[in-house]
Visitor: 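Attaching a single structure in structure tokens format; questions to follow.
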Amino acid sequence: MNLNPSAKSHYLCAKLFYMSDKPVRVRFAPSPTGPLHMGGVRTALYNYLFAKKNNGTFIIRIEDTDQTRFVPGAQDYIMDSMKWCGIMPTEGPGIGGNYGPYVQSERKDLYRPYAEQLVKNDAAYYAFDTAEELDDMRERSKQMGMPNWQYNHVTRTTLKNSTTLSQDQVEAMLAEGVPYVIRMKMPRNRDIRFEDIIRGWVVVNTNNLDDKVLFKSDGMPTYHLANIVDDHLMEISHVIRGEEWLPSAPLHFMLYEAFAWDCPQFAHLPLLLRPDGNGKLSKRDGDRLGFPVFPTDWHTAEGELYSGYREKGYFPGAFINMLAFLGWNPGTPQELFSLEELCEAFTLDRVSKAGAKFDPDKTKWFQQQYLRMTPEKELAEMLAGEMESPLDLESLETICHLMKERATFIRDILSDGSYLFEQPTTYDEQTVSKKWKDDSAAVLSEWRGVLENIAPFTHDSIEIAFKSFLAEKNLGIGAVLPLFRLLLTGTGMGPSMFEISEFLGKEECLSRINQGLISVEALKNKA
Ligand code: GLU
């Protein structure tokens, strides 16, 4: 597709003026052909942000005119995912609004008159060729060395349609009920020129476009016709959608002209690329490369599972924040944005043309930051939700306080901080082999004696006692603290030992030291 306007040709565009003074109304228009891929969620998000930023309306419209690709459950999945992301539309199926219904199959009857109007205006025509005849045509053309046969301004002159048949013949065939489709009558050699908000001027010559089917023999419109009719009837001001629809935009532009309707502004978003930049991020990539590409789990009818961010433990805010940056940036170093801040900061002129590389590590980083930013009280509630028999919320809050700097997901708190729930059963062998010396057991027993007499048993008083113990024994911190940690937690690293001790309480600390001494000495003797 030529992105530079060519000076030579006659342009078709100037007549269509953009609606700039009308209220902002944008739509997300997924087809329920499966779960919503991350790229689809990003399209929904950018529409949502654009609407909020411009005091506009965000609409969801389900485009299900292709009944052969309909997947049961997909619509519910889409709505559920958007709800989880916190980007619910204000008009849509199950939500309401003055422009409904918002599912195209429920609007079925309204499209035919529009298709017929185009035929009347000589912008479209009836085509009676059967699928077999067209397959034949394609095959013959392939054999003649032309693999890309198209129904277009040249080939239509030799085919069975209302541009080649007489009006009487056409009327007779229609009356007889001969199956037909309605095709766009693409004019010859005209440059279609339109300005895309993200891509700038786009110029396409109609000689490169085929006569797309607008209305099918099953009585349903195709995506192209239904999309334009609905965008018009729903008073859509901006069409914000994925780059894969850019090749359809010239046809859409022509349809607006044929109907003499105002054309919405177009903004085609960059593709999402695989982490190595090699090609489009596809639905198969996710589980193959070890990260989800769907917002929530999707179970296929065949029993396959495509994993989702929600079930992996991501917070919706982190997922949305990460997605916002796949193709957009605020122009400042700030990376962490709440949804409200994104609404405030988002503009389409900061969306890039170039494909956006998905980065799973950066996605984890966002999640880590969100976990750290979440109030401990909320984390405690989430943690309780992950446990079969949760501790009291106050204890869980302390656990979250201790562990959140080291965790990415709530589940990490449970696994990495398991010693906060129960006595360790294993002891880090590296710490044992590197740090456990002949006199360690004696030193730790003495330290145990000190602990026994600390009251109140708070992290401050434990820390003060620990420091004076080291000074008195003339020992370095590295000779005692890792061993103290080892006995209490079984690990070689973790949060403040003084806070851990206070959380466990004196009795538990003393008993763990006893148990630890026995186990570590046994380990030592074995080695
Ligand atoms: N139904 C199309 C899709 O599935 C919508 C394209 C558009 O937004 O115009 O993505």
Side-chain angles (χ1 to χ4, degrees), residues 24-51 56-71 73-79 81-82 87 89 91-93 99 101-108 111 184 194 196-199 202 212-214 216 220-256 259 261 263-272 280-283 293-295 298 323 327 348 351:
V24 165
R25 288 178 55 81
V26 290
R27 84 308 192 266
F28 173 51
S31 297
T33 53
L36 193 55
H37 178 275
M38 258 163 71
V41 185
R42 189 201 52 180
T43 301
L45 173 66
Y46 284 12
N47 273 283
Y48 175 91
L49 298 177
F50 185 76
T57 307
F58 173 45
I59 299 148
I60 181 164
R61 181 175 73 225
I62 301 292
E63 299 204 324
D64 60 347
T65 54
D66 188 351
Q67 296 285 317
T68 58
R69 297 183 61 216
F70 179 80
V71 172
Q75 184 177 329
D76 286 346
Y77 177 93
I78 293 168
M79 300 305 286
S81 299
M82 288 174 70
I87 52 169
E91 290 177 28
Y99 296 78
Y102 294 90
V103 178
Q104 285 184 330
S105 57
E106 293 169 23
R107 304 167 67 79
K108 185 172 180 261
Y111 302 108
M184 183 75 179
F194 60 89
D196 184 277
I197 297 174
I198 295 166
R199 271 141 225 287
V202 177
K212 282 267 180 296
V213 175
L214 301 174
K216 294 179 286 185
M220 285 291 254
T222 57
Y223 151 72
H224 301 292
L225 180 70
N227 184 273
I228 268 49
V229 167
D230 286 347
D231 280 351
H232 170 70
L233 296 177
M234 294 182 181
E235 298 185 38
I236 298 303
S237 62
H238 297 76
V239 168
I240 304 170
R241 62 184 172 192
E243 184 180 315
E244 63 274 26
W245 299 103
L246 189 58
S248 301
L251 167 64
H252 297 175
F253 200 82
M254 293 283 301
L255 280 166
Y256 283 104
F259 282 119
W261 290 340
C263 186
Q265 295 198 50
F266 289 117
H268 288 92
L269 306 175
L271 290 178
L272 292 195
K280 205 174 141 185
L281 187 68
S282 80
K283 65 176 189 182
V293 292
F294 295 106
W298 168 255
L323 268 189
L348 283 173
V351 175

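For ligands, and for the atoms within them, numbers begin at 1 and follow the listed sequence.
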Visitor: Before we go on, tell me: are the rings of H232 and F259 under 6.0 Å apart, centre to centre?
Guide: no

Visitor: Kindly indicate whether the side chain of F194, heavy atoms from C-beta on, has any atom under 4.5 Å from the side chain of Y256.
Guide: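 Contact flag for F194/Y256 side chains = no.
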
Visitor: Output yes when the distance from some N or O of ligand 1 to some N or O of A29 is under 3.5 Å, and no in every other case.
Guide: yes

Visitor: Nearest to atom 8 (O) of ligand 1, what protein heavy atom do you find, and at what distance?
Guide: R27 NH1, 2.7 Å

Visitor: For atom 6 (C) of ligand 1, find the nearest protein heavy atom and state the residue, atom name and distance (0.1 Å precision).
Guide: Y223 OH, 3.3 Å

Visitor: I'd like to check which ligand 1 atoms, numbered from 1 as shown, lie under 4.0 Å from a non-hydrogen atom of N227.
Guide: 7 (C), 9 (O)

Visitor: Quick one: is the NZ or CZ of R27 closer than 6.0 Å to the six-membered ring centre of Y99, and within 45° of its axis?
Guide: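 That pair does not qualify as a cation-pi contact.
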
Visitor: Which protein heavy atom lies closest to atom 1 (N) of ligand 1, and at what distance to 0.1 Å?
Guide: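 Looking only at protein heavy atoms, the one closest to atom 1 (N) of ligand 1 is E63 OE1, 2.6 Å.
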
Visitor: Pick one of side chain, backbone, both or neither for how T33 approaches ligand 1, counting any non-hydrogen atom pair under 4.0 Å.
Guide: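 Answer for T33: neither.
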
Visitor: Name every donor-acceptor pair, under 3.5 Å, that has one atom in a side chain of residues 39-47 and the other anywhere in the protein, sequence neighbours excluded.
Guide:
| residue | atom | partner | partner atom | Å |
| --- | --- | --- | --- | --- |
| R42 | NH1 | P270 | O | 3.1 |
| R42 | NH1 | L326 | O | 2.8 |
| R42 | NH2 | P270 | O | 2.5 |
| T43 | OG1 | G39 | O | 3.1 |
| Y46 | OH | A324 | O | 2.7 |
| Y46 | OH | L326 | O | 3.2 |
| Y46 | OH | W328 | N | 3.3 |
| N47 | ND2 | T43 | O | 2.9 |
| N47 | ND2 | I240 | O | 3.0 |

Visitor: For atom 4 (O) of ligand 1, what is the closest protein heavy atom, and at what distance to 0.1 Å?
Guide: S31 OG, 3.1 Å

Visitor: Give the minimum heavy-atom separation between H224 and K212, together with the two atoms involved.
Guide: NE2-CD, 3.6 Å

Visitor: Strictly distance-based, threshold 3.5 Å: is any side-chain N or O of R25 a donor or acceptor partner for the main-chain N or O of I59?
Guide: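 Flag not set: sc R25 to bb I59 has no pair under 3.5 Å.
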
